[in-house]
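Report on the following structure.
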Amino acid sequence: MFTGIVTDIGELTAVMPGGQKGDRRFAIRTKHNLVAVPIGASIACSGCCLTVIEKGPDWFAIEASGETLAKTHLGDWQKGHRLNLELSLNLGDELGGHLVYGHVDGVGRIASMTPEGGSVRFVFEAPGDLARFIAAKGSIAVDGISLTVNEVEGNRFHVNIISHTQAVTTLGTARPGQRVNLEVDMLARYVQ
């Protein structure tokens with residue numbers, strides 16, 4: 001379980017075939033101290049809860065199944081790709097964002113980005129079957145980032161991204177048309 005508060009921007013250093021046909025293995029460079037991260041631990045990688053299968057002093061490896069590659073934008077990842085990282089939540093940690101499970105519900109895209117005061121207003125387009133779970137002033141995880149929805153128009157939703165969030169997540173280098181992993185708020189899902 002995670003909070004959607006990104007703690008590092010990692011970089012893919014290698015993309016290899018996985019252990020089974022259709023799977024893929026990724027090596028990711030990080031600034032996190034991996035000494036305390038055991039093999040088998042979960043790390044959110046741009047919103048996907050993935051298992052550490054190997055590690056070094058400044059990198060770790062994960063494997064994504066064909067199912068994960070098909071249901072997320074991990075299948076697009078190439079060497080050099082930057083991704084949002086968050087280590088799993090420990091009991092007693094601050095819940096600065098909202099409860100994020102790392103179970104991506106679907107892939108959306110950035111429809112537009114418009115400067116607005118000191119922030120940038122992002123308009124995201126969600127798959128139609130997820131739109132009913134997105135509510136104004138509700139929470140959503142976009143590429144693993146806990147965000148508050150400003151408004152909803154059909155299958156599009158608006159979020160203002162402040163300069164700090166741009167600086168510490170991959171949204172700082174995002175572009176319109178880019179695909180993003182979406183995880184709707186679990187409370188909204190159960191209310192629906």
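In what follows, residues are counted from 1 in the order of the sequence shown.
The hydrophobic clustering, which links ILVMFWY residues whose side-chain heavy atoms are closer than 4.5 Å, places Val168 and Leu85 apart. In the hydrophobic clustering of ILVMFWY residues, with side-chain heavy atoms under 4.5 Å counting as a link, Leu130 and Val123 come out apart. Linking Ile, Leu, Val, Met, Phe, Trp and Tyr residues whenever their side-chain heavy atoms come within less than 4.5 Å leaves Val100 and Ile5 in two separate clusters. Hydrophobic cluster membership is shared by Val152 and Val184, with clusters built from Ile, Leu, Val, Met, Phe, Trp and Tyr side chains linked at under 4.5 angstrom. Under a hydrophobic clustering in which Ile, Leu, Val, Met, Phe, Trp and Tyr are joined whenever their side-chain heavy atoms come within less than 4.5 Å, directly or via other members, Val6 and Leu34 fall into different clusters.
A distance of 7.0 Å separates CD in Glu54 from CD1 in Ile39, rounded to the nearest 0.5 Å. Of the inter-residue distances, the one linking Thr7 atom OG1 with Asn84 atom CG reads 9.5 Å to the nearest 0.5 angstrom. Summarising the geometry, atom CZ belonging to Phe26 is positioned 8.5 Å from atom CD belonging to Gln78; distances are rounded to the nearest 0.5 Å. Within the model, atoms CE of Met1 and OH of Tyr101 stand 4.0 Å from one another, a figure rounded to the nearest 0.5 Å.
Here the closest non-hydrogen pair linking Lys79 and Thr13 is CE-O, 3.3 Å. Here the closest non-hydrogen pair linking Ile62 and Thr51 is CG2-O, 3.3 Å. Nearest heavy-atom pair across Ala64 and Leu69 is CB-CD2, 4.0 Å. The two residues Cys45 and Leu83 make their nearest non-hydrogen contact at CB-CD1, 3.6 Å. Nearest heavy atom pair, residue Asn181 against residue His73, reads OD1-N, 2.9 Å. In this structure, Ala111 and Pro176 approach most closely via the heavy-atom pair O-CB, 4.2 Å.
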**Report entry** Derivation and outcome, side-chain contact (heavy atoms from CB on, under 4.5 Å), residues Leu74 and Cys48
**Finding:** CA-CA 9 Å; Leu74 273 72; Cys48 300; 3.1 Å; yes

Query - Residues Phe124, Val142; criterion side-chain contact (heavy atoms from CB on, under 4.5 Å); working and verdict - result: CA-CA 9 Å; Phe124 296 97; Val142 175; 3.7 Å; yes

Requested in this report: Assess whether salt bridge (charged side-chain N to carboxylate O under 4.0 Å, His left out) is satisfied between Glu11 and Arg29, documenting all intermediate values.
Outcome: CA-CA 5 Å; Glu11 181 183 348; Arg29 182 180 301 121; 3.5 Å; yes

Query raised in the report: Would Val159 and Thr148 count as a side-chain contact (heavy atoms from CB on, under 4.5 Å) if you check the C-alpha gap in whole Å, the side-chain angles of each, and the deciding distance to 0.1 Å?
Result: CA-CA 7 Å; Val159 176; Thr148 302; over 6 Å; no

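Without hydrogens or angle criteria, Lys71 side chain to Val104 main chain gives no donor-acceptor distance under 3.5 Å. Listed for the Ser139 side chain is no donor-acceptor partner under 3.5 Å among the backbone atoms of His98. Checking side-chain atoms of Asp23 against main-chain N and O of Gly66 turns up a donor-acceptor pair under 3.5 Å. Judged by distance alone, with hydrogens and angles left aside, the side-chain atoms of Asp143 form no donor-acceptor pair with the main-chain N or O of Leu182 at under 3.5 Å. Side chain of Thr169 to backbone of Thr165: a donor-acceptor contact under 3.5 angstrom is found. Formation of a donor-acceptor pair under 3.5 Å by the Lys55 side chain with backbone atoms of Val37 is found in this model. Side chain of Asn155 to main chain of Ala126: a donor-acceptor pair is present (N/O by atom type, distance under 3.5 Å, no hydrogens or angles). Side chain of Asn160 to main chain of Ser119: no donor-acceptor pair is present (N/O by atom type, distance under 3.5 Å, no hydrogens or angles). Put simply, the side chain of Glu183 gets close to the backbone of Gly102: a donor and an acceptor are under 3.5 Å apart.
Contact check for Leu50 versus Phe60: no side-chain heavy atoms found under the 4.5 Å cut-off. Annotation: side chain of Val120 is in contact with side chain of Gln166 (closest heavy-atom distance under 4.5 Å). Annotation: side chain of Ile9 is in contact with side chain of Thr170 (closest heavy-atom distance under 4.5 Å). Put simply, the side chain of Leu89 does not reach to within 4.5 Å of the side chain of Phe2, judged on heavy atoms. For the pair Ile161/Leu147, a side-chain contact is recorded, criterion being any heavy-atom separation below 4.5 Å from C-beta on. Side-chain atoms of Asn150 and Phe122, non-hydrogen and from C-beta on, never get closer than 4.5 Å to each other. In this structure, Trp59 and Thr30 have side chains that are not in contact, with every pair of non-hydrogen atoms separated by 4.5 Å or more. Looking only at side-chain heavy atoms (C-beta outward), Ile140 and Ile134 come within less than 4.5 Å of each other.
By the 4.0 Å N-to-carboxylate-O rule, Arg25 lies too far from Glu63 to be salt-bridged with it. Using a 4.0 Å cut-off between charged side-chain N and carboxylate O, Arg156 and Glu125 make a salt bridge. Electrostatic pairing of Asp58 and Lys31 does not count as a salt bridge here, judged by no charged N lying under 4.0 Å from a carboxylate O.
One side chain, Thr3 or Glu86, offers a donor N or O that lies under 3.5 Å from an acceptor on the other. Side-chain atoms of Glu153 and His158 include a donor-acceptor pair closer than 3.5 Å.
In this pair, Trp77 and His81 present their aromatic rings parallel. The plane angle is below 30°, not in the 30 to 60° band.
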